[in-house]
There are 2 protein chains.
Amino acid sequence: MNAPIVNPALTKNQTLVFDALNRAEGPMSAYTILDKLRDHGFRAPLQVYRALDKLTEFGMVHRLESLNAFVACAHRESECCGGSHNHGQGTVAFAICESCNQVIEFHDHEVDHHLGDWAKSKGFKPSKTTIEIRGLCEKCAA
Amino acid sequence: MNAPIVNPALTKNQTLVFDALNRAEGPMSAYTILDKLRDHGFRAPLQVYRALDKLTEFGMVHRLESLNAFVACAHRESECCGGSHNHGQGTVAFAICESCNQVIEFHDHEVDHHLGDWAKSKGFKPSKTTIEIRGLCEKCAA
DNA sequence: TGCCACACGTTATAGCATAACGCAATTGAT
DNA sequence: ATCAATTGCGTTATGCTATAACGTGTGGCA
Ligand SMILES: [Zn+2]
Ligand SMILES: [Zn+2]
Ligand SMILES: [Zn+2]
Ligand SMILES: [Zn+2]
């Protein structure tokens, strides 16, 4: 059994940003987060970006490249790979509804495997892989 | 045999942008393209973005979401799915070297299939899928 | 001829992200 | 305890990415 990364102690700003993302139903841009936190003393984008950098590093927040926005990690203890916020080697993938902005976070080991094989066959050393599916969620497609 | 999409007639601006991307070794941002085309009369970002929109629609150019940049499509006649600029149903994937900025365009039918299965199982209707692997190419990893 | 669709040019503005500075709090030796 | 190194923080300014809104010109076509 692999010890999951222990939840690091968050600073005040990191906590505020993380809580804001968790309260939100969907992804938020850094500037949207900033606006939500003005009442808590936030004045400048860097306060948000610095917190987001750390939270992303901790695996507690993901950046959605196709949206220039951020979401709280949706992994829960019951997930297949165990451990909150521990994505291990696995690549996280996202399905993003363009109608209701819902984001479904998942990972697919088969996809990981095939992309890993491709990389190995080309001698390419991956550092970060982005998989984002834009489309319509079940409700919105109906 | 499936008739590939015929290469559409390009306007002057579209041709200039496409040629600039083809001449470039790697991806370019819209503003970099703008700078390269100032001598050809380009003055404003919209001239570039409008051309890029069309070229992307034609499948002749791809946007790299994780870079906010654009590359000319690297598919050639000899590729597996036949037909230049005809990606059919397949999702295009990119491996991006963070050292030399080389971009390798490929597609992996198995990956497509697995992501398609996932979507079907969730009732999600994909419209566009982004797959980008950041890392080091064979030469730069050595 | 009048209409429509489309490419184009221009100006202005919106939205996303980081550089560079200085200060304060924390940590971890010595 | 003290010094040095690290880290977080706040602020100002700047840079990069993308689109809104307006008007012009042109070619196809009823
Ligand atoms: Zn996650
Ligand atoms: Zn939806
Ligand atoms: Zn292509
Ligand atoms: Zn390289």
Side-chain angles (χ1 to χ4, degrees), chain A residues 6-21 24 26-58 60-71 94 96 98 101 103 128 130 132 134, chain B residues 7-21 24 26-58 60-71 96 98 101 103 128 130 132 134:
Chain A
V6 73
N7 280 1
L10 298 183
T11 67
K12 180 162 173 284
N13 284 3
Q14 287 160 15
T15 303
L16 286 166
V17 168
F18 186 60
D19 288 351
L21 277 173
M28 285 196 291
S29 76
Y31 279 74
T32 303
I33 296 170
L34 173 59
D35 286 338
K36 302 250 181 213
L37 295 180
R38 289 204 188 272
D39 293 345
H40 295 268
F42 275 50
R43 318 292 327 247
L46 261 191
Q47 296 174 275
V48 179
Y49 281 109
R50 291 203 269 231
L52 286 172
D53 282 350
K54 283 299 181 185
L55 292 167
T56 300
E57 181 185 324
F58 299 154
M60 299 171 69
V61 161
H62 301 293
R63 175 182 169 80
L64 300 175
E65 300 289 352
S66 67
L67 292 179
N68 293 328
F70 303 83
V71 282
F94 303 91
I96 303 166
E98 294 177 305
N101 297 313
V103 173
K128 192 199 174 202
T130 297
E132 296 177 15
R134 305 283 293 267
Chain B
N7 280 2
L10 299 182
T11 67
K12 180 163 175 284
N13 284 2
Q14 286 160 16
T15 303
L16 285 166
V17 169
F18 186 59
D19 288 351
L21 276 173
M28 284 196 292
S29 77
Y31 279 76
T32 303
I33 296 170
L34 173 59
D35 285 339
K36 301 250 182 212
L37 295 180
R38 290 204 188 271
D39 293 345
H40 296 268
F42 274 51
R43 321 288 329 236
L46 260 192
Q47 298 176 272
V48 178
Y49 280 109
R50 290 203 270 232
L52 285 172
D53 282 350
K54 284 297 179 185
L55 292 167
T56 301
E57 181 185 323
F58 299 153
M60 299 172 68
V61 161
H62 301 293
R63 177 183 168 78
L64 300 176
E65 300 290 352
S66 67
L67 291 180
N68 294 328
F70 303 83
V71 282
I96 303 165
E98 294 177 306
N101 297 312
V103 173
K128 192 200 173 200
T130 297
E132 296 177 16
R134 305 283 294 268

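Chain naming here is simple, since letters A, B, ... match the order of the sequence lines and numbering starts at 1 in each. Remember, it's a predicted structure, so these values are computed and weren't measured experimentally.
The salt bridge (charged side-chain N to carboxylate O under 4.0 Å, His left out) search around A:Asp19 returns none, not counting sequence neighbours. With sequence neighbours excluded, the residues that form a side chain to side chain donor-acceptor pair (under 3.5 Å) with A:Thr32 are A:Ser29. For B:Asn13, there are no side chain to side chain donor-acceptor pair (under 3.5 Å) partners, not counting sequence neighbours. In this view, A:Phe70 satisfies the ring pair (Phe, Tyr, Trp, His ring centres under 6.0 Å) rule with no residue, not counting sequence neighbours. By the side chain to side chain donor-acceptor pair (under 3.5 Å) test, B:Asn101 is found to be paired with no residue, residues two or more places apart in sequence or in another chain being considered. Under the side chain to side chain donor-acceptor pair (under 3.5 Å) criterion, A:Glu65 pairs with A:Arg63, not counting sequence neighbours.
When the side-chain nitrogen and oxygen atoms of A:Lys12 are compared with OP1 and OP2 of D:dG8, none of them lie within a distance under 4.0 Å. Proximity of A:Gln47 to the phosphate of D:dG10: a side-chain N or O atom is located under 4.0 Å from OP1 or OP2.
Of all heavy-atom pairs between A:Leu34 and A:Pro45, the closest is CD2-N, 3.9 Å.
B:Lys36 is not listed as a side-chain neighbour of B:Phe42, based on a closest heavy-atom distance of 4.5 Å or more. In this structure, A:Glu132 and A:Leu64 have side chains that are in contact, with non-hydrogen atoms separated by less than 4.5 Å. In this structure the side chain of B:Val71 never reaches within 4.5 angstrom of the side chain of B:Val61, judged on heavy atoms. Two residues are said to be in side-chain contact when any heavy atoms from C-beta on lie closer than 4.5 Å; A:Leu10 and A:Met60 meet this criterion. A 4.5 Å side-chain heavy-atom check between B:Tyr31 and B:Tyr49 finds at least one atom pair inside the cut-off.
The outermost nucleotides of DNA chain C lying under 4.0 Å from heavy atoms of chain A, listed 5' to 3', are C:dC16 to C:dA20.
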Using the side-chain contact (heavy atoms from CB on, under 4.5 Å) rule, take A:Leu55 and A:Val17 through it: C-alpha gap first, then chi angles, then the decisive distance, then the call.
CA-CA 9 Å; A:Leu55 292 167; A:Val17 168; 3.8 Å; yes
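Within residues 34-44 of chain B, the residues approached by DNA chain C to less than 4.0 Å at the level of any non-hydrogen atom are B:Arg43, B:Ala44, in residue-number order.
The salt bridge (charged side-chain N to carboxylate O under 4.0 Å, His left out) pairs that include a residue from residues 43-57 of chain B are B:Lys54-B:Glu57, where partners are two or more places apart or lie in different chains.
Taken over five-pair windows at either terminus, the axes of the helix from C:dT1-D:dA30 to C:dT30-D:dA1 are inclined to one another by 30° (rounded to 10 degrees).
More than 12 heavy atoms of other residues, nucleotides or ligands shown are found within 6.0 angstrom of NZ on B:Lys128.
Residue B:Glu65 contributes atom CD, which lies 9 Å from atom P of D:dA18 at whole-angstrom precision.
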Are any protein N/O atoms closer than 3.5 Å to N/O atoms in nucleotides 14-17 of chain D? If there are, list each pair with its distance.
residue, atom, partner, partner atom, Å
D:dT17, OP2, B:Ser29, OG, 3.3

Under 3.5 Å, N/O pairs linking protein and nucleotides 20-22 of chain D:
none

